[in-house]
Amino acid sequence: MTATGADQEAAGQTTRGYWWWERRRSVALDVGLALLSALECALEGVEFAGDTGLPVPLAVLFGLAAGSVLVLRRRWPIAVVLVSIATTPAEMGFLMGIVGLYTLAASDVPRRITVVLTGMTLVGTFIVSYVRLRQSVDAHADFGPGFWYVPVVSLFMSLGLTAPSVLFGLYIGARRRLMESLRERADSLERELSLLADRAEERAEWARTEERTRIAREMHDVVAHRVSLMVVHAAALQAVAPKDPAKAVRNAALVGDMGRQALTELREMLGVLRSGDALVAPRSGRVPLASVGRAAAEVAEVLVEDGPRLREVEVLVAQSRDAGMTVELSVEGELRPYAPEVEQTAYRVVQEALTNVHKHAAGARTWVRLAHRGSEVAMQVENGPSDGAAADAGLPSGGNGLVGMRERVLGLGGVFVSGPTDAGGFRVSAVLPDGGATAV
């Protein structure tokens, strides 16, 4: 056996390796009490033999056997008390009775059994004390106490041998059960706190993931649309420069405007992100879990508040016209203020749909429709088949445009539909709930 195995075995014996005892000191205590009880009963057995005429060795042997029963007090406390009651007429086993009643009261034995055995012990002790004391009083005729003396003294003696041990045992048992209950409650609270910490960590991770996804969508919308227009204008600039220098100059100016607008939006977004980092990165370097969710929410709120609005859709359409797209804008109903996240999402849907037309349907005729209804706003971007004569700008596609639009719309409880049309074009439709009007 290895040293580790020996240590584990020794630890097992220390905690629970001796039958019904849990610790070594419990074994030592019970064995010591049993030896004292056996010695007491043996000495009292000598006197009992003299009173009854029994052989002394037999009485001593009986006393040793009866007193040693105390070693079983933790396993069978009822048996110990019954033996002490049985030996009461022989006036032996006082220590066994006291310790047995204490153990019985402190154990998990039903209270009615404890009450019955305590009453039997009390009555037995009272009867034996009364008989012995009456004999002693009668033997001394010159001593003439009142009639009350014998019963009162017998009652006090019986109460003194039973009540303190029972009351102390009840107190220790109640205290032990209370400690076990508190320990179980502490363990339960510790498990609950661990579970709450795990959930807080999951919520923080979820908040970080949501914020990364939101930022990725914003970056995609800003960069993809602006850069797509810049590429289209650059291609047009390359085509018309030798033939129409004036138009080339206008296209170059548009490319510059697009680049400046893209840089401005990127700087604003990065500034918001830096302020969010300051919120979640204190000087100590430790990031509280609760602050992560708050910081993510604040960053998201700033991004929404500083985002585009529906009134800017006309400028968006005009930019696509300047890039050479044939696009028509129609608006139904009166423009009214919506919640910032609703307006930004509607704008981004139109923006991404126009970007996809630039990428995948160069030269296609496009229709943009907005409808302001009672409790919702609807938008639709539809393009016809691509013009085969139009030059392909060679714009890359990451495949995230439609996914991002769907996530935005569904996140606000709206409806999103996209797919090809019968005419060979493509249609993107979305309906967003009002979301509560705010000032524009």
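Position 1 is the first residue of the sequence, and the numbers go up from there.
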| message | As a quick check of understanding, evaluate side-chain contact (heavy atoms from CB on, under 4.5 Å) for Met325 and Leu354, giving each step before the final call. | response | CA-CA 9 Å; Met325 179 186 294; Leu354 292 176; 4.0 Å; yes
List, one per line, each side-chain donor-acceptor pair under 3.5 Å for residues 120-128, sequence neighbours excluded.
from   : atom 1 : to     : atom 2 : distance (Å)
Thr121 : OG1    : Leu117 : O      : 2.9
Thr125 : OG1    : Thr121 : O      : 2.7

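- For the pair Asn356 and Phe426, the minimum side-chain heavy-atom distance is 4.5 Å or more.
- Counting heavy atoms from C-beta outward, Pro308 and Gln344 have side chains that approach closer than 4.5 Å.
- Taking CD from Gln351 and CG from Leu316, the interatomic distance works out to 5.5 Å, rounded to the nearest 0.5 Å.
- The number of heavy atoms from other shown groups lying within 6.0 Å of CZ (Arg177) is above 12.
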Acceptor/donor pairs from residues 63-82 side chains to any protein atom, 3.5 angstrom cut, sequence neighbours excluded:
from  : atom 1 : to     : atom 2 : distance (Å)
Ser68 : OG     : Leu64  : O      : 3.1
Ser68 : OG     : Ala65  : O      : 2.9
Arg73 : NE     : Asp30  : OD1    : 2.9
Arg73 : NH1    : Thr103 : OG1    : 2.7
Arg73 : NH2    : Asp30  : OD1    : 3.0
Arg74 : NE     : Asp30  : OD1    : 3.4
Arg74 : NE     : Asp30  : OD2    : 2.6

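- No donor-acceptor pair under 3.5 Å is formed between the side chain of Ser37 and the backbone N or O of Leu33.
- Shown here for Val350 and Met379, the closest heavy-atom pair between the two residues is CG2-CB, 4.3 Å.
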| said: Evaluate Glu382 against Arg369 for salt bridge (Lys or Arg N to Asp or Glu O under 4.0 Å), listing each step before the verdict. | reply: CA-CA 9 Å; Glu382 179 182 352; Arg369 302 180 181 91; 3.5 Å; yes
| task | Quick one: do Glu202 and Glu205 satisfy side-chain contact (heavy atoms from CB on, under 4.5 Å)? Show the steps, please. | result | CA-CA 5 Å; Glu202 291 176 0; Glu205 184 61 29; 5.7 Å; no
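- The shortest heavy-atom contact between Arg336 and Gly374 is NH2-O, 3.1 Å.
- Taking 4.5 Å as the limit, some side-chain heavy atom of Met405 sits within range of a side-chain heavy atom of Val428.
- Residues Tyr347 and Arg309 are not in side-chain contact: their nearest non-hydrogen atoms beyond the backbone lie 4.5 Å or more apart.
- One distance of note links CZ of Arg427 with OG of Ser418; it measures 11.0 Å at 0.5 Å rounding.
- The two residues Phe94 and Glu40 make their nearest non-hydrogen contact at N-OE2, 3.1 Å.
- Side-chain atoms of Glu376 and Leu432, non-hydrogen and from C-beta on, never get closer than 4.5 Å to each other.
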| request: Go through the steps to decide whether Leu101 and Thr118 satisfy the test side-chain contact (heavy atoms from CB on, under 4.5 Å), and finish with yes or no. | output: CA-CA 7 Å; Leu101 286 175; Thr118 302; 4.1 Å; yes
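- For the atom pair CD (Glu332) and NE2 (His372), the distance works out to 9.5 Å, reported to the nearest 0.5 Å.
- Gln380 and Ser429 get closest at one heavy-atom pair: NE2-OG, 3.1 Å.
- A side chain to side chain contact (heavy atoms under 4.5 Å, CB included) with Tyr102 holds for exactly one of Ile172, Leu167, Val166; it is Ile172.
- Counting only distance, with no hydrogens or angles, the side chain of Ser194 and the backbone of Glu190 share no donor-acceptor pair below 3.5 Å.
- Using a 4.5 Å heavy-atom cutoff, the side chains of Leu412 and Glu341 are in contact.
- A 4.5 Å side-chain heavy-atom check between Ser386 and His360 finds every atom pair outside the cut-off.
- In this structure, Thr88 contributes its side chain and Ile85 its backbone to a donor-acceptor pair below 3.5 Å.
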| task | Report the C-alpha separation of Ser330 and Trp367 in whole Å, then their side-chain angles, then the decisive distance to 0.1 Å, and conclude whether the side-chain contact (heavy atoms from CB on, under 4.5 Å) test is met. | result | CA-CA 8 Å; Ser330 63; Trp367 295 268; over 6 Å; no
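- Closest approach of Ala106 to Arg176, counting heavy atoms only: O-NH1, 3.1 Å.
- Residue-environment remark: CD (Glu328) exceeds the threshold of 12 foreign heavy atoms within 6.0 Å.
- Between Leu195 and Arg191 the shortest side-chain heavy-atom distance does not fall below 4.5 Å.
- Counted within 6.0 Å of CZ on Arg111, heavy atoms from surrounding residues, nucleotides or ligands total more than 12; the atom is thus considered enclosed.
- The line from OH of Tyr338 to CG of Leu310 is 7.0 Å long, rounded to the nearest 0.5 Å.
- Here the straight-line distance linking atom CG of Leu189 with atom CD of Glu184 works out to 12.0 Å at 0.5 Å rounding.
- Using a 4.0 Å cut-off between a side-chain N of Lys or Arg and a carboxylate O of Asp or Glu, Arg373 and Asp434 do not qualify as a salt bridge.
- Other residues, nucleotides and ligands contribute only 12 or fewer heavy atoms inside 6.0 Å of the CZ atom of Arg175.
- Taken to the nearest 0.5 Å, the CG atom of Leu161 stands 11.0 Å off from the CG atom of Leu95.
- Of all non-hydrogen atoms in Val342 and Val377, the two that sit nearest each other are CG1-CG1, 3.9 Å.
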